[in-house]
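One structure is given below, encoded as structure tokens.
So you know, we letter chains A, B, ... as the sequences are listed, proteins then strands, and number each from 1.
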2 protein chains.
Amino acid sequence: MDTVDIQRAGQDVGVNLAGVAKLLADGTRAAFCLALLDGRAWTANELARYAGIAASTATSHLNLLVNGGLLVEERHGRHRYVRVADRRVVELIESLAALAPQRNARPLSLSASGRQQALARARLCYDHLAGTVALAITDAMVERGLLEWGPEPALTGNGALWLSETGITVPTGSRRPPVRACLDWTERRPHLAGAVGAALCTHALTSGWMTRIGTTRALLVTPAGREAWHDLLGLPPTEL
Amino acid sequence: MDTVDIQRAGQDVGVNLAGVAKLLADGTRAAFCLALLDGRAWTANELARYAGIAASTATSHLNLLVNGGLLVEERHGRHRYVRVADRRVVELIESLAALAPQRNARPLSLSASGRQQALARARLCYDHLAGTVALAITDAMVERGLLEWGPEPALTGNGALWLSETGITVPTGSRRPPVRACLDWTERRPHLAGAVGAALCTHALTSGWMTRIGTTRALLVTPAGREAWHDLLGLPPTEL
DNA sequence: ACGTCCCTTCGACGTCCGTCGAAGCGTCCC
DNA sequence: GGGACGCTTCGACGGACGTCGAAGGGACGT
């Protein structure tokens with residue numbers, strides 16, 4: 001392989017990488033993906049209104065994202081539903097968010113506009129908890145030394161102990177990172193995601209600490225849950 | 001938070017994400033980062049010649065990458081050395097590579113051009129093994145059911161057993177994924193990376209299975225290493 | 001069957017950005 | 001001190017791309 005070949009090889013692979021990166025290199029498309037991070041399927045129109053652009057522009061963006069393999073679509077009648085294709089896409093977006101400068105690291109005052117309130121308190125984000133409850137849980141785990149929450153979040157030894165004592169088993173052997181920081185628009189602060197976040201969420205649902213409100217992704221903290229979170233992490237019931 | 005605020009929030013965060021993605025959305029910059037994935041510090045000129053562009057163009061690209069936090073630089077005299085800033089950057093690039101379409105999935109016939117040969121056989125890539133030897137190891141682990149090597153690579157139960165029996169301890173509790181696929185230009189096929197890949201590499205070096213050739217990142221398989229790889233994974237000594 | 005709604009296609013506009021070469025500056029070596 | 005080398009700045013060029021509105025197609029409900 002001579003020098004020219006090396007150049008070509010480097011550029012070719014670089015072009016492949018760049019092609020994927022280019023899909024997220026536009027503010028509108030990135031906003032689409034961030035919105036879709038909640039695991040829901042959105043229609044093209046919803047995304048267009050969310051991003052404040054014309055429907056025709058949204059169409060071309062969605063074409064790029066679907067053809068690029070980041071999103072998958074389902075057509076139902078006159079509606080085009082899209083959602084995130086794969087967990088790898090979620091990890092890619094999280095990797096980007098980990099390097100993006102985080103503005104407004106402190107939480108905003110939450111609006112009390114009724115319909116959004118349940119969602120703001122607690123909801124499913126992909127397969128883990130989000131909302132102010134998730135923030136409170138994350139904060140409490142950090143304060144108690146169960147999590148390290150720097151630029152590279154990780155579970156501490158005490159954290160692993162706490163999980164096993166609580167009866168939460170984190171699936172092992174997967175390539176999924178145990179602890180991830182996940183960011184979405186409501187609180188604009190990262191909360192606990194990754195394998196541990198998912199296991200925590202699963203455990204909370206199966207133990208009856210939280211229940212889904214209807215078929216939405218909004219969650220309700222049950223009285224048993226209030227007690228459990230207080231016993232385990234010292235969360236004041238008023239915060240839930 | 002009314003609808004307009006939600007729009008603005010979505011766009012703002014989207015812009016942040018897009019800003020990072022934009023850094024890798026150019027073929028030349030992506031090729032830079034891919035080259036730097038070997039953990040070495042390259043000079044601006046080396047990168048320019050590698051990518052086949054003018055020095056002035058390389059300067060502007062490096063400015064973007066350094067200001068964006070993906071690379072860090074060290075000035076020595078008239079030289080400007082850059083290297084990857086952080087493990088988070090490596091993970092981002094690996095996340096992109098995981099979604100990029102992989103051309104030439106089969107290995108190329110290796111040139112015998114002497115100087116490159118040692119590097120092509122075995123070398124360090126960041127903190128794990130790369131080169132044909134790394135490919136052989138990865139392939140053997142997959143064949144023996146120690147690794148699952150699909151779109152989401154993972155260690156199997158047998159793989160975990162094999163590691164402990166071999167005396168390789170993988171640091172736990174970190175947020176680093178146990179198994180990752182790492183791609184670089186020489187073989188254009190992914191090889192074992194992640195926490196397991198790093199542990200394997202560390203073990204091979206401390207056990208004297210491999211030694212560094214001088215201060216380069218090229219590696220030499222020792223006779224003891226040849227025996228060990230054969231005993232553990234059945235690799236024919238001729239392949240090493 | 002008609003109007004409404006969701007999405008798509010098309011053409012046009014403007015901006016952004018990667019590229020180069022020439023010139024200049026600082027460093028190193030002879 | 002002189003020359004070579006590595007990097008940077010500047011201006012100019014050209015292509016790529018995100019945006020819109022208008023027009024059209026297809027599905028749904030009345």
| query | Is the distance between the ring centroids of B:Tyr50 and B:Trp42 less than 6.0 Å? | reply | yes
| query | OP1 or OP2 of D:dT19 sitting under 4.0 Å from any side-chain N/O of A:Ser60? | reply | no
| request: Report yes if a donor N or O on one partner sits less than 3.5 Å from an acceptor N or O on the other, where the partners are the side chain of B:Arg78 and the base of D:dC7; otherwise report no. | output: no
| query | So, does B:Asp26 use its side chain to make a donor-acceptor pair with the main chain of B:Arg29 at under 3.5 Å? | reply | yes
| remark: Contacts of B:His79 and A:Ala54 projected onto DNA chain D by closest heavy atom; the upstream (5') one is B:His79
| remark: A:Asp26 CG to D:dA16 P, in whole Å, measures 17 Å
| Can you check whether A:His79's main-chain N or O pairs, donor with acceptor, with A:Thr43's side chain at less than 3.5 Å? | no
| field | Interatomic distance, B:Ile53 CD1 vs D:dC7 P [rounded to whole Å] | value | 12 Å
| request: Please report, rounded to the nearest Å, how far the P atom of D:dC7 is from the CZ atom of B:Arg75. | output: 9 Å
| field | Separation of D:dC17 P from A:Leu64 CG (nearest whole Å) | value | 9 Å
| remark: B:Glu46 atom CD is separated from D:dC5 atom C1', nearest whole Å, by 14 Å
| message | Distance check needed: D:dG18 P versus A:Leu47 CG, whole Å only. | response | 16 Å
| request: List in chain and number order the residues that pass side-chain hydrogen bond (donor to acceptor under 3.5 Å, both in side chains) with B:Asn63, two or more places apart in sequence or in another chain; answer none if no residue qualifies. | output: B:Arg80
| note | Looking only at D:dC17, D:dG18, D:dT9, the nucleotide nearest the A:His61 side chain is D:dG18
| Separation of A:Leu23 atom CG from D:dC17 atom C1', in whole Å? | 13 Å
| field | Boundaries of the chain A footprint along DNA chain C (any atom under 4.0 Å from a heavy atom) | value | C:dT4 to C:dT9
| message | In this structure, how many angstroms lie between the C1' atom of D:dC7 and the CH2 atom of B:Trp42, rounded? | response | 18 Å
| said: Ring-plane angle category for A:His128 and A:His191, please: parallel below 30°, perpendicular beyond 60°, tilted otherwise. | reply: tilted
| request: Kindly write out the residues that satisfy side-chain hydrogen bond (donor to acceptor under 3.5 Å, both in side chains) with B:Arg83, not counting sequence neighbours, or none if the list is empty. | output: B:Glu74
| request: Provide the closest heavy-atom pair for B:Ala30 versus B:Leu24 in the form atom of the first, atom of the second, distance. | output: CB-O, 3.9 Å
| When the nearest nucleotide of DNA chain D is assigned to A:Thr57 and to A:His76 on a heavy-atom basis, which residue is associated with the more 5' position? | A:Thr57
